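Notes to accompany the following structure.
Nothing here was measured: the structure is a model prediction, and the numbers come from that model.
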Amino acid sequence: MKYTDYAIISGLSARRGKRDFVSFADQELEIVIEDTPENRVNALGQIHAKNNIEDSYILTLESELISVLSRMEIQWVGFDKTKLSDIGVRIRWDIKKLEQEIYEIVGENININSPKQLQTLFFETLGIKPLRKNKTGYSVDVDVLEEIAKTHDIARLILEYRGLMKLSGTYVDGLMKAIDSRDGRIHTTYDSLGAATGRMSSNDPNLQNIPTGNGYAREIKECFIPSTWNILLVADYSQVEIRVLAFLSKDESLISAFQNGEDIHMRTAKFLFGENTEISSHMRRIAKSVNFGVIYGITGFGLAKTLDCNTWEAQKYVDAFYEKYPGVRIYYDELLENARKNGYVETYFGRRRYIPGVNDANKTMRSIAEREAMNMPVQGTAADMIKIAMIELDTKIREKQLVGKMILQVHDELVFDIPLSEKEIFEKMVRETMEWVLKNTWEFLPIIVDISTGRNWAEAK
DNA sequence: CGAGGAGCGA
DNA sequence: ACGTCGCTCCTCGA
């Protein structure tokens, strides 16, 4: 049955999507086409033509990536069904126990998965003051429950319950359904143009959001295993987005920090709290949030929420960041100026995203658009880099007639299923290729790839 | 079946 | 109003 979902296109296997049209950036084509990778890239080409983009490297890149992705999709990933099944039994047991505990405290069998019933419990029965509203009522999300948990233990239990339900539903049951009955492997579908920034997306099942934590989460990741006699090799770009920001902005402090091999979060922490200050783990955590936040176009309010501090304090950190890395501020100013003038932003490799909202009359809409504009070139350039590396690696693997295969991509990470005998050659080849994509700039901005291996995905990470 | 809320990843 | 990009599960009501 599963194969009825597939269409053979140009001798390659690719799955048909549900959509019957192709869109790119914020411009929908006025044509209805069969949703295939080839047609999507074709549509991308039409968008380029319509906007007078010539000699687009992105078009070449996306064309070449189609067959690479199809080979990854065909390969599939090994999976330990027995182990997942055992995890499922234990999680369900824990859920049952938590359920009983919660019912006991509440005094009745409420549906813990219903935000509506939780609202009634907290804000009416228990008389707790609501923290935040959403479209349908008062929010009972993790931030709110963390706050309530300070005074009511029940909130802690509900958070635990939610975490286990997520693992049980999305990962245990979800992955169990995705295991192929014939060979026990799992197959995902990639959408190369899945995100507006140029990132890919993965679905059915999504293998780009497998839990990374400890406990059950780690056990689930341990279920992803190599083929018989093989090992998994995981290669990931180290702090690639901040490095890309350094590269695009040419900020001197940011670049020199990477040149000197400094811990970038520590570098920012020193900037925020003083060169001679002993940086605590708390301070480093703040600096890390600021570093990431800047890439997302953060505001004082948003950072305050993340750090659980007041807006004034958070804004102070954001201001300090831009003061210490002035090149970043200039870069963003010029970027937004260009976005307002041209209506789009683009990556280093020329991938575009149209963002008409930067000139919207509505301040809120404009702010959203500005954050999108600020983030896209960073996230998109990183996406371009790994896509280029994937094409190059796919070619090399076949040229060298290696047995190992590239099987997964998780935004800044590639996973390979390889024989132990090919470990050294893969390590060297993968590192060199992934770092090579910005080779012409390596002189002033080191790109670092971390590689590890193991008998399962958790061990290799 | 779809919207909304929630939570998992980079 | 309030940090980017995704996908999937659950509830609830049409």
Side-chain angles (χ1 to χ4, degrees), chain A residues 110-119 132-145 158-159 161-175 177-178 188-213 216-217 220-221 236-242 244-245 289-307 311 314-315 317-318 345 353 355 362-380 382-383 386 408-414 457 461:
Chain A
I110 60 165
N111 185 341
I112 309 163
N113 291 317
S114 167
K116 204 176 159 188
Q117 291 187 40
L118 290 186
Q119 283 174 47
R132 192 155 38 80
K133 277 201 268 196
N134 56 34
K135 280 185 185 177
T136 53
Y138 295 114
S139 173
V140 286
D141 69 12
V142 59
D143 290 339
V144 174
L145 262 59
I158 290 172
L159 283 171
Y161 175 89
R162 278 222 188 114
L164 292 178
M165 278 299 287
K166 181 71 180 177
L167 294 179
S168 168
T170 304
Y171 299 105
V172 176
D173 298 346
L175 290 175
K177 282 180 210 149
T188 187
T189 303
Y190 290 107
D191 183 347
S192 185
L193 302 174
T197 52
R199 269 196 185 175
M200 313 201 310
S201 67
S202 152
N203 64 73
D204 194 24
N206 182 358
L207 293 188
Q208 290 181 322
N209 72 341
I210 301 302
T212 56
Y216 287 132
I220 288 168
K221 202 149 190 175
D236 68 294
Y237 281 113
S238 165
Q239 298 159 332
V240 66
E241 293 198 341
I242 307 180
V244 167
L245 179 64
S289 294
V290 174
N291 281 342
F292 276 105
V294 165
I295 290 167
Y296 300 149
I298 202 169
T299 62
F301 186 95
L303 182 64
K305 196 164 151 260
T306 307
L307 295 178
T311 306
Q315 189 61 52
Y317 294 137
V318 176
V345 290
R353 178 179 184 180
I355 304 184
N362 182 302
K363 173 85 160 65
T364 302
M365 299 302 289
R366 212 161 56 235
S367 297
I368 292 171
E370 284 172 358
R371 288 195 297 275
E372 291 170 351
M374 289 163 76
N375 177 252
M376 188 275 176
V378 176
Q379 192 182 111
I386 198 165
L408 298 172
Q409 191 253 38
V410 190
H411 308 307
D412 64 356
E413 164 186 352
L414 292 175
W457 201 358
K461 183 64 177 136

(request) Rounded to whole angstrom, note down the P distance from B:dA3 over to C:dG3. (result) 25 Å
(message) Measuring only the P atom in each nucleotide, how far is B:dG4 from C:dC2? A whole number of Å is fine.
(response) 15 Å
(request) Determine the minimum heavy-atom distance between A:E241 and A:A382, stating which atoms define it. (result) CG-CB, 4.4 Å
(message) Can you give me the closest heavy-atom contact between A:M376 and A:T197, atom names plus distance?
(response) CE-O, 3.5 Å
For [X], report the nucleic acid contact type (base, sugar-phosphate, nothing); a contact means any heavy atom under 4.0 Å.
| X | value |
| --- | --- |
| A:S367 | nothing |
| A:G293 | base |
| A:D173 | nothing |
| A:K363 | nothing |

[X] side chain near [Y] side chain, heavy-atom distance below 4.5 Å:
| X | Y | result |
| --- | --- | --- |
| A:M200 | A:I386 | no |
| A:D236 | A:K461 | yes |
| A:Y317 | A:L307 | yes |
| A:M165 | A:I112 | no |

(request) Using the heavy-atom set of chain A and a strict 4.0 Å cut-off, write down the first and last nucleotide of DNA chain C that makes it in, 5' to 3'. (result) C:dA1 to C:dG13
(message) Just by distance, no angles: are the side chains of A:S289 and A:T306 close enough, under 3.5 Å, to form a donor-acceptor pair?
(response) no
(request) Can you check each nucleotide of nucleotides 5-10 of chain B against protein heavy atoms at under 4.0 Å and return B for base, S for sugar-phosphate only, - for none, in 5' to 3' order? (result) SSBBSB
(message) I'd like to check the side chain to side chain contact (heavy atoms under 4.5 Å, CB included) partners of A:F292; sequence neighbours left out, ordered by chain and number.
(response) A:H265, A:K288, A:Y296
